Trainee: 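Quick one: the structure is below, questions incoming.
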Amino acid sequence: MIKIKSEREIQLMRQSCELAAKTLQYLEKHLRIGMSTEEIDQLCHDYTLEHGAYPATLGYHGFPKSCCTSLNEVICHGIPNKKDRLKNGDILNIDVTPKLNGYHGDTNKTFLIGKVHPEAKKLVEVTHMCLMESIKVVRPGAHLGDIGAVIQEIAHGHGYSVVRDFCGHGIGADFHEEPQILHYGKKGKGLEILPGMTFTIEPMINMGKMDCKILKDGWTAVTRDGSLSAQFEHTILVTEQGVEILTLLDQSEESPA
Ligand code: MF3
Ligand code: CO
Ligand code: CO
């Protein structure tokens, strides 16, 4: 069942999503070469609690940490740890999901650490473009397939692949609600988009092939061919007029870090 949010729920979503965006902004400011992903997690955990929220990934189906940190060939769901330290030239995705007053905000970005190879930087920029251009087609009467079609067109146009094993999702009082938001598809296909829907779009784009494997920890998804992978995620609200990006602090969009 797809939950159409009431005005009251939309207000609560605006607050949790604003906190999610601020959390990423706060973490970005504290990124340093040499720091461990565990330190990033600690900052995320403390910041979330200090703002009256709970990090929804912590304990989610047994996930042990307060955010996901996905480095280089990690597609998503990387587990923060003491061993992985940021190196010059890395690309690092941080995904945060505060639950505030019963509602979730979910956003992620891929950050450039130090001086990144131009080809890796290009992947990150194109992935960001996939997210932002796909958001532009969201409006009442459009179809979910329109979103995936835009993402595929941009990614394939640069010779990249779109990961199919993970998708975006409805979000609200539950972390993952219906519908699933596929990052591939055909224009005009799939469910019709309605006002009051809140969902994420979170394309994962690989420099090589789309295939994934899950490491022994049961969570970390990596590219099978070892190629780099980037991701960006926003939580959005469908309005009567079109779309509102709930996890964007300033509607004049920033480009990737
Ligand atoms: N935040 C991720 C998403 O965008 C989900 C992480 S679930 C976890 O949907 F358990 F891996 F943390
Ligand atoms: Co999500
Ligand atoms: Co997320």
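Only this structure's heavy atoms are used, side chains among them; waters, hydrogens and symmetry mates stay out. Numbering of ligands and ligand atoms starts at 1, following listing order. Numbers for residues simply follow the sequence, beginning at 1. As the structure is a computational prediction, the values presented were derived from the model and not from experiment.
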Trainee: Would you say that Asp95 contacts Thr57 through its side chain, given a criterion of any heavy-atom pair below 4.5 Å between the two side chains?
Mentor: no
Trainee: Using a distance threshold of 2.8 Å, state whether an N, O or S atom of Glu233 lies below it from the Co ion (ligand 2).
Mentor: yes
Trainee: Does ligand 1 have any atom sitting under 4.0 Å from a heavy atom of Asp95?
Mentor: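 For ligand 1, residue contact (heavy atoms, under 4.0 Å) with Asp95 is present.
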Trainee: Where's the contact between Lys65 and ligand 1, heavy-atom distance under 4.0 Å: side chain, backbone, both or neither?
Mentor: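 The answer is neither; Lys65 stays 4.0 Å or more away.
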Trainee: Would Thr57 count as a polar contact of ligand 1, with the cut-off being nitrogen or oxygen pairs under 3.5 Å?
Mentor: no
Trainee: Any chance the side chains of Thr97 and His104 put a donor and an acceptor closer than 3.5 Å?
Mentor: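 Side chains of Thr97 and His104: no pair found under 3.5 Å.
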Trainee: Hey, does His176 sit under 4.0 Å from ligand 1 if you only count heavy atoms?
Mentor: yes
Trainee: With a 4.0 Å cut-off on heavy atoms, is Phe166 touching ligand 1?
Mentor: no
Trainee: Confirm or rule out an N/O/S atom of Glu202, from backbone or side chain, lying less than 2.8 Å from the Co ion (ligand 3).
Mentor: no
Trainee: Strictly by modelled atom types, are His183 and Glu202 linked by a side-chain donor-acceptor pair under 3.5 Å?
Mentor: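 The answer is no; no qualifying pair exists.
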Trainee: Examine Glu202 against ligand 1 and note whether any of their N/O atoms are separated by less than 3.5 Å.
Mentor: yes
Trainee: If the contact criterion is a heavy-atom separation under 4.0 Å, does His61 count as touching ligand 1?
Mentor: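 No, His61 has no heavy atoms under 4.0 Å from ligand 1.
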Trainee: Under 2.8 Å from the Co ion (ligand 2), is there an N/O/S atom belonging to His169?
Mentor: yes
Trainee: Tell me whether Trp219 has any N or O atom under 3.5 angstrom from an N or O of ligand 1.
Mentor: no
Trainee: Quick one: does ligand 1 sit under 4.0 Å from the side chain of Cys68, the backbone, both or neither, non-hydrogen atoms only?
Mentor: side chain
Trainee: Without swapping roles, check the side chain of Thr37 against the backbone of Pro80 for a donor-acceptor pair under 3.5 Å.
Mentor: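 No: the side chain of Thr37 does not pair with the backbone of Pro80.
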